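Heads up, the thing below is written out as structure tokens.
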Amino acid sequence: MKIGVLGTGNMADALATHWVRAGHEVIIGGRDAHKAERLATRIGGSVKPSSLRAAAESGQVVLAALPFGAGADVARELHAALESKVLLDCSNPVGPGFRLLTEGGPSAAQRLAAAAPGAHVVKAFNLCHEDVWRMRPPVFDGRPLAVPVCGDDETALARVRELVHDMGCEPVAGGGLERAGLLEATAALFIALWVGERADAQAIAPPLAYAAGPSPQETEGGTGAFRQGF
């Protein structure tokens, strides 16, 4: 698969490195040619540096590894080059105080879609720190990391699911692009717990077997408060 990367930061580095190892053809695009060249050299293999426009034009999938606020502007500038492409958004619109910057408005992913209406935007890879994505692979207690994926186009989703598998992770259907805001809000909550409270975000949810409450045999009297709500 041909992958164009918009951006030269840590997420571009972490994700592109896995995809090059998996045999994909990757082009790193940046406004600063020297940064694009440095990143391409660091990743190695067949990676090539380029401009943002050339990366967008070359990729079947285009990763927008850009800060929130810059992503929509770049997508708008490159909208013609992004026509019919898969535009993969990994950004998190989280500001000071772990505040969700899109609260009350469209998600970061929806803003990309509005800026490049001919592209097929997919939201993924936004719930973890870049160093988690550098792991080979991200596996914890023997279980591969699950990656929620949100989008509306099935072909685009299939390509992103392939890229998730290439990371050594498991894709999880997150719904349509209208649910991307939920992923972004989840990231804001998790970052606040991890960084602000030093709390284990994984501990806030029960195992899948208990997601709808314990079985009657495990609940005194055969009912549980959560189960009674259904």
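Positions are given from 1, in the same order as the sequence printed here. Computed from a predicted structure; not experimentally measured. We use all heavy atoms of the structure for the numbers below, so side chains are in, but hydrogens, waters and symmetry mates are not.
Under the 4.5 Å side-chain heavy-atom criterion for ILVMFWY residues, a single connected hydrophobic cluster contains both L39 and L63. No chain of hydrophobic side-chain contacts below 4.5 Å, direct or via other Ile, Leu, Val, Met, Phe, Trp or Tyr residues, connects I27 to V20. When hydrophobic clusters are built by joining Ile, Leu, Val, Met, Phe, Trp and Tyr residues whose side-chain heavy atoms come closer than 4.5 Å, directly or via intermediates, V94 is not grouped with F125. Taking hydrophobic clusters as Ile, Leu, Val, Met, Phe, Trp and Tyr residues chained together by side-chain heavy-atom distances below 4.5 Å, V5 shares a cluster with V86. One hydrophobic cluster holds both I43 and M11 under the rule that ILVMFWY side chains link at heavy-atom gaps under 4.5 Å.
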Run the numbers on F140 and Q202 for side-chain contact (heavy atoms from CB on, under 4.5 Å), then give the verdict.
CA-CA 12 Å; F140 303 91; Q202 273 195 322; 5.9 Å; no

With side-chain contact (heavy atoms from CB on, under 4.5 Å) as the test, would you mind laying out the steps for D13 and R42 before giving the verdict?
CA-CA 9 Å; D13 186 357; R42 182 160 66 248; 3.2 Å; yes

With side-chain contact (heavy atoms from CB on, under 4.5 Å) as the test, would you mind laying out the steps for W19 and M1 before giving the verdict?
CA-CA 9 Å; W19 296 333; M1 193 184 305; over 6 Å; no

Carefully, step by step, assess E184 and K123 under the rule salt bridge (charged side-chain N to carboxylate O under 4.0 Å, His left out).
CA-CA 9 Å; E184 295 168 7; K123 186 80 181 190; 2.8 Å; yes

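Heavy atoms from other residues, nucleotides or ligands lying under 6.0 Å from CD1 of I204 number more than 12. In R76, the CZ atom is crowded: over 12 heavy atoms of neighbouring residues, nucleotides or ligands sit closer than 6.0 Å.
A heavy-atom distance below 4.5 Å is found between the side chains of P93 and L100. Within the 4.5 Å cutoff, no side-chain heavy atoms of L78 are placed close to those of E57. Counting only heavy atoms from C-beta outward, the side chains of H18 and R136 approach each other to under 4.5 Å. The shortest distance between side-chain heavy atoms of H24 and L163 falls below 4.5 Å. Counting heavy atoms from C-beta outward, E170 and H165 have side chains that approach closer than 4.5 Å. Using a 4.5 Å heavy-atom cutoff, the side chains of L82 and V62 are in contact. Considering only heavy atoms from C-beta on, D152 comes within 4.5 Å of E178 through its side chain. Taking the side chain as every heavy atom from C-beta outward, L145 and W133 approach each other to under 4.5 Å.
By the 4.0 Å N-to-carboxylate-O rule, R21 lies too far from D166 to be salt-bridged with it.
In plain terms, the two heavy atoms of V132 and P138 that are nearest each other are O-CG, 3.6 Å. The two residues L112 and A75 have their closest heavy-atom pair at CD2-CB, 3.7 Å. In this structure, G168 and P144 approach most closely via the heavy-atom pair O-CB, 3.5 Å. In terms of heavy-atom proximity, W194 sits nearest to A199 at CD1-O, 3.3 Å. Closest of all the heavy-atom pairs between C150 and L177 is O-CD1, 4.0 Å. The two residues A12 and G7 have their closest heavy-atom pair at CB-O, 3.4 Å.
Listed by chain and residue number, E154 satisfy the side chain to side chain donor-acceptor pair (under 3.5 Å) test with R161 (two or more places apart in sequence, or in another chain). Here E77 pairs with R31 under the side chain to side chain donor-acceptor pair (under 3.5 Å) rule; sequence neighbours left out. With sequence neighbours excluded, the residues forming a side-chain contact (heavy atoms from CB on, under 4.5 Å) with A124 are L88, V147, V149, V160, listed by chain and number.
Note that the CD1 atom of I191 and the CG atom of N92 stand 5.0 Å from one another [nearest 0.5 Å]. Summarising the geometry, atom CD1 belonging to I28 is positioned 8.5 Å from atom OG1 belonging to T8; distances are rounded to the nearest 0.5 Å. For the atom pair CD (Q60) and CZ (R159), the distance works out to 5.0 Å, reported to the nearest 0.5 Å. Summarising the geometry, atom SG belonging to C90 is positioned 11.0 Å from atom CG belonging to L127; distances are rounded to the nearest 0.5 Å. Remark: L6 CG to L87 CG distance equals 7.0 Å, nearest 0.5 Å. Note that the CZ atom of R134 and the CG atom of L15 stand 9.5 Å from one another [nearest 0.5 Å].
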